[in-house]
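Have a look at the structure below, then the notes.
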Amino acid sequence: MVVQSFSGRVQVQFMNAVPPNSASLIAALTGVLSDGGLLTEAEDLVRYSRDWSGDHFGRPLAVARPSSVEEMSALMRRCHAERIPVVPQGGLTGLVGAAVAADGNEVVVSLERMNRIRSISPIDFAMVVEAGCILEDAKRAAEESDCILPITFGAQGSCRIGGNVATNAGGFNVLRYGMTRDLVLGLEVVLADGRIWNGLKVLRKDNRGYDLKQVFIGSEGTLGIVTAAALKLFPRPTQIETALVGLRSVEDAMALYARARRGCSDLLTAFELILRGGIEITMREGKDFHEPLGKPYPAYVLIEVSSGGLIDLKDMLLSFLAGVEDLVEDGIVASTRAQGERLWLYREIMVERQGRGGRYLRTDVSVPISKLADFVTDALFELGRARPDALPVTYGHVGDGNIHLNVVPPEGMAAEAIEHLFEEAEAEIFAVVDRYGGSISAEHGIGRVKQRAFLDRVDPVALDLAAGIKDAIDPRHILSNGRILASASALDYR
Ligand SMILES: Cc1cc2nc3c(=O)[nH]c(=O)nc-3n(C[C@H](O)[C@H](O)[C@H](O)COP(=O)(O)OP(=O)(O)OC[C@H]3O[C@@H](n4cnc5c(N)ncnc54)[C@H](O)[C@@H]3O)c2cc1C
């Protein structure tokens, strides 16, 4: 059967992967992996079936856990030959339903047994890490070599390097060090047909032909399985200073940001906005967390600066803050590292507790930094107009234009009504994002959850190019079918 896309490109649908029944699947995959590499018992599959939030669930046909790139290659060769659909899985913190299996339809390929640090070179300021390495373990290893791997965010104790690459993860330090894309020097990738692309290198400059690694970064498992990454490191800062300040408005927070970028001598590493509601969540839920600045303010910003020696960093931060008294209503500067970490807990506890243990709508949008304050005002206005019963929780790495405008349903609301609330609230927020020329996904990617919103907005030429890349690299569509792009069987949607 042949399906024609709107642009005239021809897709051959019968080439798609067909989920086998479990007996034939086990027969096909038996013997490909070393001991313990293939899990098929229902109770063994449970922990690979649900993501960090618990909102996304999918029962895999089986879980394959290769322990080397050679095993990964053999596995994919077999899956390609047998047209077995697979989904790569890291730490399950991606939150857009991309890493869990389509229920009863896919084999999860877990990277957890490929977790070695292959090398670290403080002279090259680079490390080579296997994709299943937990981000925090990679960061610790870098620090042991007096370097830092600057990807930093709340899920770092669970997410894995392959997941970070596949989602082009950001985090608190993007404004200084960039996204994961800016930190990848090379990749090793196993393709859908089992071929190994060895693009691992630690060169800073290399202009030989296409930069193929960029195709795989942010591809959410749809183009290949990342098995290792060469990552940039930076000198480990010897000084880190943290402040929490209270402000009258988001507008003042963004004015402060503009001054901080220049006034902190480019040593700014984080600039996190939290609106009052978020601080109240921490105060309510975190037993020992009192009013952080003595009295409430509409907006708060966590500022972090870091540097090596030869600079009096605390003095620099204090001088900067003394010069912005027209914007900052009140603030505290941590006098020790421990105090600084405690200030960060106001943000971390808020993120964990915002849904009061239940479901909430997550958005991770971005707009140009210059428009962020107006965007927040308009989006909260539209949300309040459409759904005054919804509780917005607003925070973000605003130094890179990223804001989470999450929505918590009223207590006791029925499940069906919550679904309706989420749909309405998301549509309102995304409409304002569109007005400001922003992105509906600044961090977590598209996966399955944001697919409809993505396809409704994507440029048709970009979509055609993307579909062409998918067809060229994974012609049988066995890899993460139906994430980002519609599954081939739904191509007529385009
Ligand atoms: C509390 C919390 C805070 C967060 N904060 C941030 C933040 O500040 N910034 C940010 O960007 N994100 C953030 N995230 C999102 C998430 O942590 C990142 O997207 C992370 O990079 C996902 O990594 P993972 O290992 O959990 O991947 P998974 O969730 O397991 O997978 C994510 C996607 O990557 C694919 N994938 C996984 N491994 C591979 C591989 N080896 N090869 C190919 N594809 C693969 C999966 O198929 C899936 O499509 C946060 C999440 C949580 C829960």
Side-chain angles (χ1 to χ4, degrees), residues 48 50-56 58 60 66 69 72 76 86-102 106-115 129-136 138 151-174 178-181 187-192 215-229 270 272 347-355 362 364 366 395-397 399-400 402-404 406 441-451 474 479-484:
Y48 305 89
R50 198 177 284 279
D51 78 350
W52 179 91
S53 66
D55 292 351
H56 309 115
V69 65
M72 183 69 84
M76 291 311 296
V86 302
V87 55
Q89 189 177 92
L92 280 168
T93 68
L95 306 180
V96 288
V100 287
E106 291 170 322
V107 171
V108 159
V109 179
S110 167
L111 274 293
E112 66 190 354
R113 295 210 302 176
M114 293 190 64
N115 57 7
V129 194
E130 289 187 346
C133 184
I134 289 184
L135 172 58
E136 202 154 79
I151 310 167
T152 305
F153 53 81
Q156 66 191 32
S158 307
C159 64
R160 297 176 189 270
I161 293 294
N164 302 150
V165 172
T167 60
N168 183 28
F172 301 128
N173 300 154
V174 168
M179 305 276 283
T180 298
R181 186 182 297 287
L187 289 180
E188 177 186 84
V189 181
V190 172
L191 302 180
V215 171
F216 296 99
I217 300 170
S219 68
E220 299 185 45
T222 60
L223 298 178
I225 302 189
V226 176
T227 47
E272 293 288 315
R347 189 193 186 282
E348 282 165 33
I349 291 175
M350 179 233 3
V351 171
E352 278 169 25
R353 311 280 165 85
Q354 58 188 308
R362 297 181 186 81
D364 61 308
S366 68
Y395 60 95
H397 318 305
D400 48 50
N402 176 201
I403 190 98
H404 297 283
N406 295 345
S441 171
E443 291 197 320
H444 297 205
I446 300 300
R448 290 186 289 187
V449 172
K450 302 261 167 63
Q451 190 185 64
D474 176 19
L479 270 169
S480 295
N481 196 18
R483 279 78 168 178
I484 307 182

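From a predicted model like this one, the values you see are computed outputs, not experimental measurements. Every number for a ligand or one of its atoms is a count from 1 in the order of the listing.
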To the nearest 0.1 Å, how far is [atom] from its closest protein heavy atom, and which atom is that?
| atom | result |
| --- | --- |
| atom 34 (O) of ligand 1 | Ala166 CB, 3.3 Å |
| atom 11 (O) of ligand 1 | Gly170 N, 2.7 Å |
| atom 42 (N) of ligand 1 | Val226 N, 2.9 Å |
| atom 8 (O) of ligand 1 | His397 NE2, 2.9 Å |
| atom 13 (C) of ligand 1 | His444 NE2, 3.7 Å |
| atom 31 (O) of ligand 1 | Ala99 CB, 3.4 Å |
| atom 15 (C) of ligand 1 | Thr93 O, 3.4 Å |
| atom 48 (C) of ligand 1 | Ala98 CB, 3.7 Å |

Are the charged groups of Arg50 and Asp55 less than 4.0 angstrom apart, N to O?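 Answer for the salt bridge query: no.
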
Strictly below 4.0 Å, N to O, side chains only: are Arg347 and Glu272 in salt-bridge contact?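 Judged by the 4.0 Å cut-off on N to carboxylate O distance, Arg347 and Glu272 do form a salt bridge.
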
Counting only heavy atoms, which portion of Cys159 has something under 4.0 Å from ligand 1: side chain, backbone, both, or neither?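 Both backbone and side chain.
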
Taking all heavy atoms of [X] and all of [Y], pick out the closest pair and write down the distance.
| X | Y | value |
| --- | --- | --- |
| Ala229 | Leu187 | CB-CD2, 3.7 Å |
| Leu92 | Val100 | CD2-CG1, 3.7 Å |
| Val87 | Ala98 | CG2-O, 3.3 Å |
| Pro60 | Val108 | CB-CG2, 3.8 Å |
| Ser110 | Pro66 | O-CD, 3.6 Å |
| Leu135 | Ile161 | CD1-CD1, 4.0 Å |

Any donor and acceptor pair, going by atom type alone, linking the side chain of Glu106 with main-chain N or O of Ala102 inside 3.5 Å?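 Between the backbone of Ala102 and the side chain of Glu106 there is a qualifying donor-acceptor contact (under 3.5 Å).
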
Check whether Gln354 reaches the backbone of Val351 with its side chain - one donor and one acceptor, N or O, closer than 3.5 Å.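 Indeed, once roles are kept as given, a pair shorter than 3.5 Å links the two residues.
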
N/O of [X] under 3.5 Å from N/O of ligand 1, yes or no?
| X | answer |
| --- | --- |
| Gly94 | yes |
| Pro88 | yes |
| Ser158 | no |
| Phe153 | no |
| Gly90 | yes |
| Thr167 | yes |
| Asn164 | yes |

Test item: side-chain donor near acceptor, Thr152 and Asn173, under 3.5 Å: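 Yes - a donor-acceptor pair under 3.5 Å links their side chains.
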
Going by atom types only, do Glu188 and Thr227 share a side-chain donor-acceptor pair under 3.5 Å?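 Yes, Thr227 and Glu188 have a side-chain donor paired with an acceptor closer than 3.5 Å.
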
Just which atoms of ligand 1 are under 4.0 Å from any heavy atom in [X]?
| X | value |
| --- | --- |
| Gly221 | 43 (C), 44 (N) |
| Ala131 | 41 (N) |
| Leu111 | 41 (N) |
| Ala169 | 11 (O), 21 (O) |
| Gly171 | 8 (O), 9 (N) |

Are the side chains of Leu95 and Arg362 in contact, using a 4.5 Å heavy-atom criterion?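 Side chain of Arg362 against side chain of Leu95, heavy atoms only: contact under 4.5 Å found.
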
Which option wins on minimum heavy-atom distance to atom 52 (C) of ligand 1: Gly91, Ala155, Ser53, Ser441?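 Of the listed residues, Ala155 has the closest heavy atom.
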
Is it true that Gly132 lies under 4.0 Å from ligand 1, counting heavy atoms only?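 No heavy atom of Gly132 comes that close to ligand 1.
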
Does ligand 1 have an atom that lies less than 4.0 angstrom from a heavy atom of Gln156?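 No, Gln156 has no heavy atom closer than 4.0 Å to ligand 1.
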
side-chain contact (heavy atoms from CB on, under 4.5 Å) between Asp364 and Ser441, intermediate numbers included: CA-CA 6 Å; Asp364 61 308; Ser441 171; 3.8 Å; yes

